[in-house]
Amino acid sequence: MKNQNPQNINFFEKVYQVTREIPFGRVSSYGAIARYIGSPQAARMVGWALNKSFSQKEFVPAHRVVNKNGLLTGKKHFGASNIMRELLENENVIIKNDQILNFEDVFWDPYKELSL
DNA sequence: TTAGTGACTGTAG
DNA sequence: GCTACAGCCACTA
């Protein structure tokens, strides 16, 4: 039974929606997105959903989602290790050793920004 | 149908 | 401060 009711949006779909809301030059974390959706402990699924985002029709800025430490843990899923870094650097995000230096500066919390 | 896995996080020792 | 473990939901074999 795989219901795909438009009204019943999955955890999965919510991840894409929230991720697309991330503005240019900002990044968010798996946990923040998971918390906004309602399952703070399901952060793993957020990352996994973003992995699947590559096969989505609409572009999902998965490169703007990193772990809580600002570490680019998902870079390997971009095919080349430097793609995720270059995309972020293109958005004025400073990265060194696969970690965002100004993470607190560019961090975008959906729970805070969308919920208000 | 069942079991295993995954781009994480928080708590406990 | 570091290591270990549990929990979360959806997909694949």
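Just so it is clear, the structure is predicted and the values come from calculations on it, not from any experiment. Below, chains carry the letters A, B, ... as their sequence lines are ordered, and counting in each starts from 1. Hydrogens, waters and symmetry mates are skipped; everything else that's a heavy atom, side chains included, is used.
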Please report the distance, rounded to the nearest Å, between [atom1] in [X] and [atom2] in [N].
X	N	atom1	atom2	result
A/Leu50	B/dC8	CG	P	11 Å
A/Arg35	B/dC8	CZ	P	18 Å
A/Phe11	B/dA7	CZ	C1'	13 Å
A/Ile37	C/dG7	CD1	C1'	16 Å
A/Asp98	B/dA7	CG	C1'	13 Å
A/Leu72	B/dC8	CG	P	12 Å
A/Leu71	B/dA7	CG	P	13 Å

Problem set entry | Whichever hydrophobic residues join A/Phe78 through chains of side-chain contacts under 4.5 Å |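 Taking Ile, Leu, Val, Met, Phe, Trp and Tyr as members, A/Phe78 shares its hydrophobic cluster with A/Val27, A/Phe54, A/Val66, A/Leu72, A/Ile83, A/Met84, A/Leu87, A/Leu88, A/Val93, A/Ile95, A/Ile100, A/Phe103, A/Val106, A/Phe107.
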
Exercise. Judged by modelled atom types alone, do A/Glu86 and A/His63 share a side-chain donor-acceptor pair under 3.5 Å?
Worked result: no

For this session: Determine the contact category for A/Lys52: base if any of its heavy atoms lies under 4.0 Å from a base atom, sugar-phosphate if only primed atoms, P, OP1 or OP2 are that close, otherwise nothing.
Result: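 If one applies the 4.0 Å heavy-atom cut-off, A/Lys52 turns out to touch the sugar-phosphate alone, with no base involved.
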
Exercise. Under 4.0 angstrom, heavy atoms only, what part of the nucleic acid is A/Ala49 near: base, sugar-phosphate, or nothing?
Worked result: nothing

Exercise. Are any side-chain N or O atoms of A/Ser39 and backbone N or O atoms of A/Ala42, one a donor and one an acceptor, separated by less than 3.5 Å?
Worked result: no

Problem set entry | Check: A/Asn97 side chain, A/Gln99 main-chain N or O, donor-acceptor pair, under 3.5 Å | no

What are the two closest heavy atoms between [X] and [Y], and how far apart are they?
X	Y	answer
A/Trp108	A/Glu21	CZ2-O, 3.7 Å
A/Ser28	A/Pro110	OG-CD, 3.5 Å
A/Tyr30	A/Asn67	CE1-N, 3.2 Å

For this session: Check whether any side-chain nitrogen or oxygen of A/Lys14 sits under 4.0 Å from OP1 or OP2 of C/dC9, and answer yes or no.
Result: no

For this session: Before accepting this row, confirm whether a basic side-chain N of the pair A/Glu91/A/Arg26 lies closer than 4.0 Å to the acidic partner's carboxylate O.
Result: no

Exercise. Can we say A/Lys75 and A/Asp98 salt-bridge, meaning some charged N sits less than 4.0 Å from an Asp/Glu carboxylate O?
Worked result: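 A/Asp98 and A/Lys75: salt-bridged.
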
Between the protein and nucleotides 3-6 of chain B, which nitrogen or oxygen pairs are less than 3.5 angstrom apart?
| from | atom 1 | to | atom 2 | distance (Å) |
| --- | --- | --- | --- | --- |
| B/dG6 | N7 | A/Arg44 | NH2 | 3.2 |

Output one line per pair: protein atom, nucleotide atom from nucleotides 9-13 of chain B, and distance, for all N/O pairs under 3.5 Å.
| from | atom 1 | to | atom 2 | distance (Å) |
| --- | --- | --- | --- | --- |
| B/dT9 | OP1 | A/Lys68 | N | 2.7 |
| B/dT9 | OP2 | A/Lys68 | N | 3.1 |
| B/dG10 | OP1 | A/Lys68 | NZ | 3.1 |
| B/dG10 | OP2 | A/Lys68 | NZ | 2.7 |

